[in-house]
2 protein chains.
Amino acid sequence: MTALPRRSAPHPFVRKVESVALFTLTEDERAALCALPMQVAQFDAYRDIVREGDRPARCFAVLDGFVSTYKTTLSGKRQIAAFHVPGDVPDIQSLHLKLLDNSISSIGPCRVGFVQHDAMRALFQAHPRIGDVFWRISLIDAALVRQWILNTGRREAYPRMAHLFCEVMTRLDVVGLAPERTCSLPMTQHELADALGITPVHVNRTLGDLTEAGLITLRSRRLTVHDWDRLTAIAEFDPTYLHLGCRDSE
Amino acid sequence: MTALPRRSAPHPFVRKVESVALFTLTEDERAALCALPMQVAQFDAYRDIVREGDRPARCFAVLDGFVSTYKTTLSGKRQIAAFHVPGDVPDIQSLHLKLLDNSISSIGPCRVGFVQHDAMRALFQAHPRIGDVFWRISLIDAALVRQWILNTGRREAYPRMAHLFCEVMTRLDVVGLAPERTCSLPMTQHELADALGITPVHVNRTLGDLTEAGLITLRSRRLTVHDWDRLTAIAEFDPTYLHLGCRDSE
DNA sequence: GAAATGTACTAACATAGATTGATATTTGCA
DNA sequence: TGCAAATATCAATCTATGTTAGTACATTTC
């Protein structure tokens with residue numbers, strides 16, 4: 001059981017809350033957030049952190065690494081609905097929906113921090129504005145999923161993959177994890193396939209096409225975008241749906 | 001400007017809130033809900049009710065008819081992310097996200113009731129439990145969209161369409177609008193195509209296949225399911241994700 | 001440092017679904 | 001009532017993506 005460092009440098013979780021809030025946290029609010037009792041756990045790659053059907057009494061924040069929300073078909077096909085990066089709370093919904101309707105697993109090895117629902121609820125009770133921020137966070141998550149439906153339903157594999165790369169790069173950039181259009185991308189081609197709704201073989205082809213076009217390179221789990229403008233054009237990427245907006249533009 | 005009838009029979013909006021709440025509303029809460037000032041408006045078919053990019057100061061409940069949440073690609077392709085039925089509040093997210101990232105339009109002709117954000121916020125302030133119910137509602141909406149990603153990404157047109165029919169039928173049944181496995185389905189094949197992520201031509205073929213198999217009939221905007229068990233089997237339909245659960249099972 | 005395993009990559013072939021365009025059939029409306 | 005506009009239907013052809021079945025690298029493990 002650890003508490004977050006009260007004063008130290010930006011913890012991804014605190015930073016995320018601050019970045020989504022439409023106001024500046026008071027010293028009090030910030031302190032309460034940092035005082036959340038958090039049980040840190042480490043996971044290897046490809047481990048389920050929670051499973052569809054669970055009734056968890058806690059939720060968790062990603063502290064390090066990538067995590068994916070997915071569902072499977074009875075016949076075993078798998079679809080990843082979202083990736084989560086440090087600072088995200090991928091199962092925030094468990095606070096209000098007892099029964100989890102999706103699984104969440106680690107991509108590469110990762111570290112997460114579990115927080116009891118009761119602690120969250122107490123926090124929201126004491127600081128309603130923080131509760132609102134978390135509502136906002138869950139609404140933004142929903143917006144990403146809606147965008148993803150547009151991608152899988154109405155874009156072909158090539159622009160669809162381009163769009164995924166644009167999104168990941170942008171989200172990581174916000175948290176300072178994508179300097180010079182380069183970022184970690186720990187998923188295998190098989191996982192990319194499950195996210196894009198295509199087969200691993202076709203991922204490989206499409207990846208080859210994007211590379212050959214001089215748009216990106218993906219080697220040893222690092223993604224580099226060489227021509228951001230062309231990539232965003234192909235993807236028709238418009239980051240509005242990410243709701244990163246500076247407070248006023250929002 | 002009308003207020004909801006205080007005592008009269010189930011208004012779909014109130015009924016929805018009651019059905020999603022994990023507790024029984026107090027007389028006070030129910031009264032406050034009914035006292036929400038609501039501006040009723042009528043829309044013809046295919047009218048945008050709100051548009052992507054709007055910054056609305058109000059949200060709305062569907063009172064009658066169907067409504068769809070959709071996004072479009074720059075190149076004009078359209079993807080419907082969700083259908084909404086009477087009682088739903090399709091743009092509840094506008095309460096916390098200033099900028100709308102999807103459009104919502106009527107399917108057939110429909111009636112909606114607009115409620116100012118301020119009125120909603122006041123309601124939540126006075127009755128925090130009702131605020132929690134709306135948070136819950138928005139989380140359930142998100143769960144539906146996640147399920148829909150699994151469908152578009154990992155199921156072929158035939159089971160995908162079957163799944164859509166199962167979902168619509170089930171949701172309408174809950175509000176008492178699907179007696180004897182028959183319900184209104186006011187959308188054209190073109191709109192079905194936009195929801196399923198396929199072309200209208202292929203909708204027609206697939207619809208023909210489902211009909212020929214004796215599973216359904218869809219005529220003059222009415223859907224009848226003849227063999228619910230086989231349809232749900234083909235769709236691999238499991239309603240858990242709808243979170244309709246009786247309170248305790250939830 | 002050999003074996004075992006997980007990834008990445010390739011090629012040949014199969015197919016679900018897209019596209020186009022023509023024709024029926026409804027439906028709404030004057 | 002009947003015409004115009006939406007919808008639905010059908011057929012022929014084309015293509016993006018799936019399937020299957022490999023080989024070739026990397027890692028990890030002992």
Side-chain angles (χ1 to χ4, degrees), chain A residues 44-47 66 73 75-79 105-109 151-164 184-213 216-223 234, chain B residues 42-47 66 73 75-79 105-109 151-164 184-213 216-223 234:
Chain A
D44 289 343
Y46 320 124
R47 294 280 182 267
F66 279 57
T73 258
S75 32
K77 285 175 219 153
R78 182 164 172 271
Q79 176 69 40
S105 79
S106 57
I107 300 280
N151 291 339
T152 52
R154 289 304 188 199
R155 287 201 236 265
E156 310 200 321
Y158 189 73
R160 198 186 304 173
M161 183 179 280
H163 200 285
L164 177 60
S184 157
L185 201 85
M187 45 271 212
T188 64
Q189 294 190 3
H190 191 95
E191 286 170 307
L192 276 176
D194 284 343
L196 294 166
I198 59 180
T199 51
V201 173
H202 201 52
V203 165
N204 192 270
R205 280 194 283 249
T206 310
L207 215 40
D209 293 346
L210 283 170
T211 307
E212 211 170 305
I216 58 144
T217 54
L218 177 54
R219 234 200 337 264
S220 52
R221 313 277 130 117
R222 305 232 97 224
L223 171 70
I234 286 164
Chain B
Q42 177 91 33
F43 286 87
D44 290 342
Y46 319 124
R47 294 280 181 266
F66 280 56
T73 257
S75 34
K77 287 176 219 152
R78 182 165 171 272
Q79 176 70 40
S105 79
S106 57
I107 300 282
N151 291 338
T152 53
R154 290 305 188 197
R155 287 202 237 264
E156 311 200 323
Y158 189 73
R160 199 187 303 174
M161 182 178 280
H163 199 285
L164 177 60
S184 159
L185 202 83
M187 45 273 211
T188 63
Q189 294 189 4
H190 191 94
E191 287 171 307
L192 276 176
D194 284 343
L196 295 166
I198 58 181
T199 51
V201 174
H202 201 53
V203 165
N204 191 269
R205 281 193 283 250
T206 310
L207 215 40
D209 292 347
L210 283 169
T211 307
E212 210 170 306
I216 59 146
T217 55
L218 177 54
R219 237 202 332 266
S220 52
R221 312 279 130 117
R222 305 232 97 225
L223 171 70
I234 286 164

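Quick note on labels: first sequence line is chain A, next is B, and so on, each numbered from 1. Below, each value reflects all heavy atoms present in this structure, side chains not excepted, and no hydrogens, waters or symmetry copies. These numbers were taken from a predicted model, which means no experiment stands behind them.
Checking D:dA8, C:dA18, D:dT17 against every side-chain atom of B:Arg205, the shortest atom distance belongs to C:dA18. When each of D:dA8, C:dA18, C:dA8 is scored by its nearest atom to the side-chain atoms of B:Ile198, the top-ranked nucleotide is C:dA18. Checking C:dT10, D:dT9, D:dG18 against every side-chain atom of A:Val201, the shortest atom distance belongs to C:dT10.
Looking at A:Thr73, A:Thr152, A:Asp194 one by one, the single match for side-chain hydrogen bond (donor to acceptor under 3.5 Å, both in side chains) with B:Arg154 turns out to be A:Asp194.
At least one side-chain heavy atom of B:Glu191 sits under 4.5 Å from a side-chain heavy atom of B:Thr188. B:Ser184 is listed as a side-chain neighbour of B:Arg222, based on a closest heavy-atom distance under 4.5 Å. Contact check for B:Thr206 versus B:Leu196: no side-chain heavy atoms found under the 4.5 Å cut-off.
Rounding to whole angstrom units, CE of residue A:Met187 and C1' of C:dG6 are separated by 18 Å. One interatomic measurement links the two molecules: CG of A:Leu218 to P of C:dA8, which rounds to 8 Å at whole-angstrom precision. One interatomic measurement links the two molecules: CZ of B:Arg221 to P of C:dT26, which rounds to 12 Å at whole-angstrom precision. Note: CG (A:Asn204) to C1' (D:dA21) measures 15 Å, nearest angstrom. Atom CG in A:Leu196 sits roughly 10 Å away from atom P in D:dG18 (whole-Å rounding). For the pair A:Glu191 CD and C:dG6 P, the computed distance is 14 Å after rounding to whole Å. The CG-C1' distance, from A:Leu207 to C:dC9, rounds to 11 Å in whole Å. Atoms CG (A:Asp209) and C1' (D:dT17) sit 12 Å apart, rounded to a whole Å.
For A:Arg154 and A:Gln189, each mapped to the nucleotide of DNA chain C holding its nearest heavy atom, the one lying further toward the 5' end belongs to A:Gln189. Both B:Pro200 and B:Glu156 lie near DNA chain D, and the one whose nearest nucleotide falls closer to the 5' end is B:Pro200. Residue B:Thr188 is the one, among B:Thr188 and A:Lys77, whose nearest nucleotide of DNA chain D lies closer to the 5' end (criterion: closest heavy atom).
Side-chain contact, A:His202 with A:Arg205: a donor N or O sits under 3.5 Å from an acceptor N or O.
Evaluation of atom-type donor-acceptor distances gives no pair under 3.5 Å for the side chain of B:Arg219 against the base of D:dA8.
Distances shorter than 4.0 Å separate some side-chain N or O of A:Tyr46 from OP1 or OP2 on C:dT7.
Residue-level contact check: B:Thr199 touches the bases, meaning some heavy atom is under 4.0 Å from a base atom.
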